[in-house]
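Okay, structure first, notes after.
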Amino acid sequence: DLRGAVVVENGAEIDAGSVVEGPVLVRCGATVGPNAYVRGHSVIGPDAKVGHAVEVKNSVLLAGATVGHLSYVGDSVLGVDVNFGAGTVVANLRHDNETVRLQVKGGSTDTGRRKFGVVVGDEARTAINTSLNAGVKLGAGARTGPGQTVTRDIDGETE
């Protein structure tokens, strides 16, 4: 079901039971669903995958990003070839009415927003049932463990 300003490029697929409420752009080669919910100002990048029973709100998934199933992504940016394991949930709202802060260049920066999810670098991976706190950053190539609750930034792999 497509509602509002939704653009689905040639080669993209919206599977049965999915609802997409615009403004949303679904790029070529991307798949949504089955039974997914994509809403708000979202972009599902080329060859990205929003799987079964996944909700995406006000987020950008870059090329090849995958949120396989039973997950929530809100107010976030997922880099190229990111993979969220089943049950990964992004917290995107401060329940204490404060604004979300991010660590940037060694200091704390106020986003000015009560709703802000996560920023995830290219090729980062979460294991099943990962919980990501509002304002957390996962660096390029970062990994989480099964059932992990992430309340601080995780640097990416170093080589």
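Listed by first and then second residue, the salt bridge (Lys or Arg N to Asp or Glu O under 4.0 Å) pairs involving residues 44-54 amount to none (not counting sequence neighbours). Residue pairs that meet the salt bridge (Lys or Arg N to Asp or Glu O under 4.0 Å) test with at least one member in residues 81-91, sequence neighbours left out, do not exist here.
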Can you list, pair by pair, the side-chain donor-acceptor contacts under 3.5 Å of residues 32-41, counting residues two or more places apart and other chains?
residue, atom, partner, partner atom, Å
Tyr37, OH, Glu21, OE1, 3.1
Arg39, NE, Glu55, OE2, 2.7
Arg39, NH2, Glu55, OE2, 2.8

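Looking at residues two or more places apart in sequence or on another chain, you find no side chain to side chain donor-acceptor pair (under 3.5 Å) involving Asn10. Annotation: salt bridge (charged side-chain N to carboxylate O under 4.0 Å, His left out) contacts of Glu9 (sequence neighbours excluded): Arg27. Scored by the side chain to side chain donor-acceptor pair (under 3.5 Å) test, Arg94 finds Asp96 as partners (sequence neighbours excluded). With sequence neighbours left out, Lys57 forms a salt bridge (charged side-chain N to carboxylate O under 4.0 Å, His left out) with Asp75. With sequence neighbours excluded, no residue satisfies salt bridge (charged side-chain N to carboxylate O under 4.0 Å, His left out) with Arg113. For Asp153, the side chain to side chain donor-acceptor pair (under 3.5 Å) criterion is met by Lys137, not counting sequence neighbours. Legend: residues meeting side-chain contact (heavy atoms from CB on, under 4.5 Å) with Ser71, ordered by chain and number and at least two apart, are Val54, Val67, Thr88. Taking Asp110 as the reference, Arg101 meet the salt bridge (charged side-chain N to carboxylate O under 4.0 Å, His left out) condition, with sequence neighbours excluded. For Thr144, the side chain to side chain donor-acceptor pair (under 3.5 Å) partners at least two apart in sequence or on another chain are Thr130.
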Intermediate values then yes/no, side-chain contact (heavy atoms from CB on, under 4.5 Å), Thr126 and Leu138: CA-CA 9 Å; Thr126 66; Leu138 301 180; 4.0 Å; yes

From CA spacing to verdict: side-chain contact (heavy atoms from CB on, under 4.5 Å), Val56, Tyr72: CA-CA 6 Å; Val56 174; Tyr72 174 76; over 6 Å; no

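Ser76 contributes atom OG, which lies 8.0 Å from atom CG of Leu132 (distance to the nearest 0.5 angstrom). To the nearest 0.5 Å, atoms CD (Glu13) and SG (Cys28) are separated by 12.5 Å. Between the CG atom of Leu25 and the CD1 atom of Ile44 there is a distance of 9.0 Å, given to the nearest 0.5 Å.
By the rule that hydrophobic residues join a cluster once side-chain heavy atoms approach within less than 4.5 Å of another member, Phe84 and Val136 end up as members of one cluster. Note: the hydrophobic cluster containing Val60 does not contain Val118 (ILVMFWY, side chain heavy atoms under 4.5 Å, direct or indirect links). The same ILVMFWY cluster, assembled from side-chain heavy atoms under 4.5 Å apart, contains both Val6 and Val73. Transitive grouping of hydrophobic side chains (ILVMFWY, heavy atoms separated by less than 4.5 Å) keeps Val80 and Val77 in distinct clusters. At a threshold of 4.5 Å between side-chain heavy atoms, the hydrophobic network of Ile, Leu, Val, Met, Phe, Trp and Tyr places Val100 and Val104 in one connected group.
The minimum heavy-atom distance between Leu102 and Gly135, with the atom names listed, is CD2-O, 2.9 Å. Nearest approach of Ile154 to Gln148, heavy atoms of both residues: CD1-NE2, 4.0 Å. The nearest pair of heavy atoms linking Ala127 to Pro146 is CB-N, 3.3 Å. The nearest pair of heavy atoms linking Thr151 to Asn133 is CA-CB, 4.0 Å. The two residues Leu62 and Ala48 have their closest heavy-atom pair at O-CB, 3.9 Å. The minimum heavy-atom distance between Ala65 and Leu78, with the atom names listed, is CB-CB, 4.4 Å.
Looking at Thr99 and Phe116, their side chains never come closer than 4.5 Å, going by heavy atoms from C-beta outward. Residues Val20 and Ile14 meet the side-chain proximity criterion, which asks for heavy atoms closer than 4.5 Å. Using a 4.5 Å heavy-atom cutoff, the side chains of Val50 and Thr31 are not in contact. Side-chain atoms of Leu2 and Val8, non-hydrogen and from C-beta on, do get closer than 4.5 Å to each other.
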